[in-house]
Amino acid sequence: MSSPSSSFPAALQWLARLAVALSLLCAAGLAGLYHFGPARSGWAELLRYVPFLLYTAPAALALLLSLALGWWWRLGALLALALMATAVMDLRLGLGRTDLPPDAPGTRTVRFMTYNIKSYRAVFKAGGFVPLNNEIEQHQPDILVMQDAREVSRVGDLPYGMRAVLPKHKLYAYGQYAVASRFPISGCAPFDMSLKDEKSDYVRCTVDIDGTRIDLVTAHLLTPREGLNATREERLGGLDDWSGNFADRLSQAERITAALTPLKRPTIVAGDLNAPEHSVVVGRFLDLGLRDAFSAGGIGWGFTHGHSFKPGVSFLRIDHILVSPDIGVRDAWVGWRGGSEHRPVVADLVIPTRAAKP
């Protein structure tokens, strides 16, 4: 009886074996590097920003070629693609969702949203705030934090139709940040995370949710754009620029986490952290005991950035909602790509409360 692959030319089978072997080695190597590699290595960090199609396309091709081989080779090719989708691209299955009913005693479900709205671009575009407002209205967040929202702080209130979308939300706005909440907010203030040649802040507030005081931080860490451009244009010559860019972003994360250590009460850190979850930058926050809401409650990859580049597909999850262990995650998802260069991240959070719900 002939084998399943006997009808294919020997040269094709040889090529298929090579493709599957390389695909497995690449997938295993990247997965190991992402999760167990040198955390502070600039070149290792750079690989986290590669568009996922450059990783998955070869693995998909190897899987197709494996049809010319036996079942063990096909399973190997499928394993390589699965490793790319999960360990490298961070496919999530919502396995950390909180399994309490929405009206569980002593809790309240709060919809939280973080959104880099790029208001400086929207304001110069006819109807530029319309898709932003539509996106916010669709999700109806109880608490919304925005980055790159200087138009909000400049106006001093929710501008360009945004107030109609959030008519009862209290507002705090400073610099590029805006916090809009249906719950009382107090103690809001900027805190310094400046770099040696660039002034930079993050914002910290206290939110009172039915008697439970929540520490809320929103931050926009240094963009990786300049470092990425340097490596693209100068190749190896740009690695020093990239390494410096990465070190500055890590320094900002360390300044925020140092101010939060130890966590004194339920805490939410949200914003454009400009780093994927398995980066050491986000890892500094996870070391505090925080967890990523999308990783806990989301299904899929949750990519938030990259759709403004060709070919128009999001491929990076750099916007995050991070919560302390005493906050549950009922669900999490990302929004539409059309309002901004960043998709918003939305999560239904389960907050332990001290006061009875009205």
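Numbers here simply count residues along the sequence, with the first being 1.
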Requested in this report: Mind checking side chain to side chain contact (heavy atoms under 4.5 Å, CB included) for P325 and listing every partner two or more places apart, or none if nothing turns up?
Outcome: none

Query raised in the report: Would E135 and V346 satisfy side chain to side chain contact (heavy atoms under 4.5 Å, CB included), going step by step from the backbone distance to the final call?
Result: CA-CA 11 Å; E135 185 71 11; V346 190; over 6 Å; no

Could you check whether any side-chain N or O of [X] sits under 3.5 Å from a backbone N or O of [Y], counting only pairs where one atom can act as donor and the other as acceptor?
X	Y	value
T267	R265	yes
S251	A247	no
S194	S200	yes
N245	T223	yes
T98	V329	yes
H320	A293	no
W43	L239	no

Drop me the distance from [X]'s [atom1] to [Y]'s [atom2], to the nearest 0.5 angstrom.
X	Y	atom1	atom2	value
I299	L93	CD1	CG	7.0 Å
T109	L349	OG1	CG	8.5 Å
L144	I117	CG	CD1	8.0 Å
R225	L222	CZ	CG	10.0 Å
R330	R111	CZ	CZ	11.0 Å
Q252	D248	CD	CG	7.0 Å

Which atom names give the shortest non-hydrogen contact between [X] and [Y], and what distance separates them?
X	Y	value
T56	L81	O-CD1, 4.1 Å
A275	V281	CB-CB, 3.8 Å
R74	S66	CG-O, 3.2 Å
R255	M193	NH1-C, 3.7 Å
F309	H305	CE1-NE2, 3.9 Å
P131	G339	CB-CA, 3.9 Å

Requested in this report: Can you tell me which residue pairs pass the side-chain hydrogen bond (donor to acceptor under 3.5 Å, both in side chains) test with a partner in residues 141-150, sequence neighbours excluded?
Outcome: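 Listed by first then second residue: T114-Q147, N116-D148, K118-D148, D142-R182, Q147-T218.
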
Query raised in the report: When you look at Y55 and L47, which way does the side chain to side chain contact (heavy atoms under 4.5 Å, CB included) test go after all the steps?
Result: CA-CA 10 Å; Y55 290 152; L47 291 177; 3.8 Å; yes

Find out whether [X] and [Y] are in side-chain contact, i.e. whether some heavy atom of one side chain is under 4.5 Å from a heavy atom of the other.
X	Y	value
S314	W301	no
L260	R204	yes
P344	W336	no
V280	R48	no
L46	L228	yes
K199	D192	yes
S23	V20	no
L171	R163	yes

Report summary line: The complete set of ring pair (Phe, Tyr, Trp, His ring centres under 6.0 Å) pairs with one or both residues in residues 160-215, sequence neighbours excluded, reads F129-Y160, F191-Y202

Query raised in the report: Should the pair E277-R92 be classified as a salt bridge under the 4.0 Å nitrogen-to-oxygen rule?
Result: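 Counted as a salt bridge, because a side-chain N and a carboxylate O are separated by less than 4.0 Å.
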
Would [X] end up clustered with [Y] when hydrophobic side chains under 4.5 Å apart are linked, directly or stepwise?
X	Y	result
L263	V282	yes
V269	I214	yes
L221	I321	yes
Y34	L316	no
V313	V334	yes

**Report entry** Face-on cation placement of R17 at W14 ring, 6.0 Å and 45° thresholds
**Finding:**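 Ring-cation test returns no.
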
**Report entry** Within 6.0 Å of NZ in K264, more than 12 heavy atoms from elsewhere
**Finding:** yes

**Report entry** Whether over 12 other heavy atoms sit under 6.0 Å from Q140 CD
**Finding:**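 More than 12 within 6.0 Å, yes.
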
Report task. Apply side chain to side chain contact (heavy atoms under 4.5 Å, CB included) to I318 and T304, showing your working. Result -> CA-CA 7 Å; I318 59 175; T304 62; 3.9 Å; yes

Query raised in the report: Please walk me through it: do F303 and D90 pass side chain to side chain contact (heavy atoms under 4.5 Å, CB included)?
Result: CA-CA 10 Å; F303 296 135; D90 264 354; over 6 Å; no

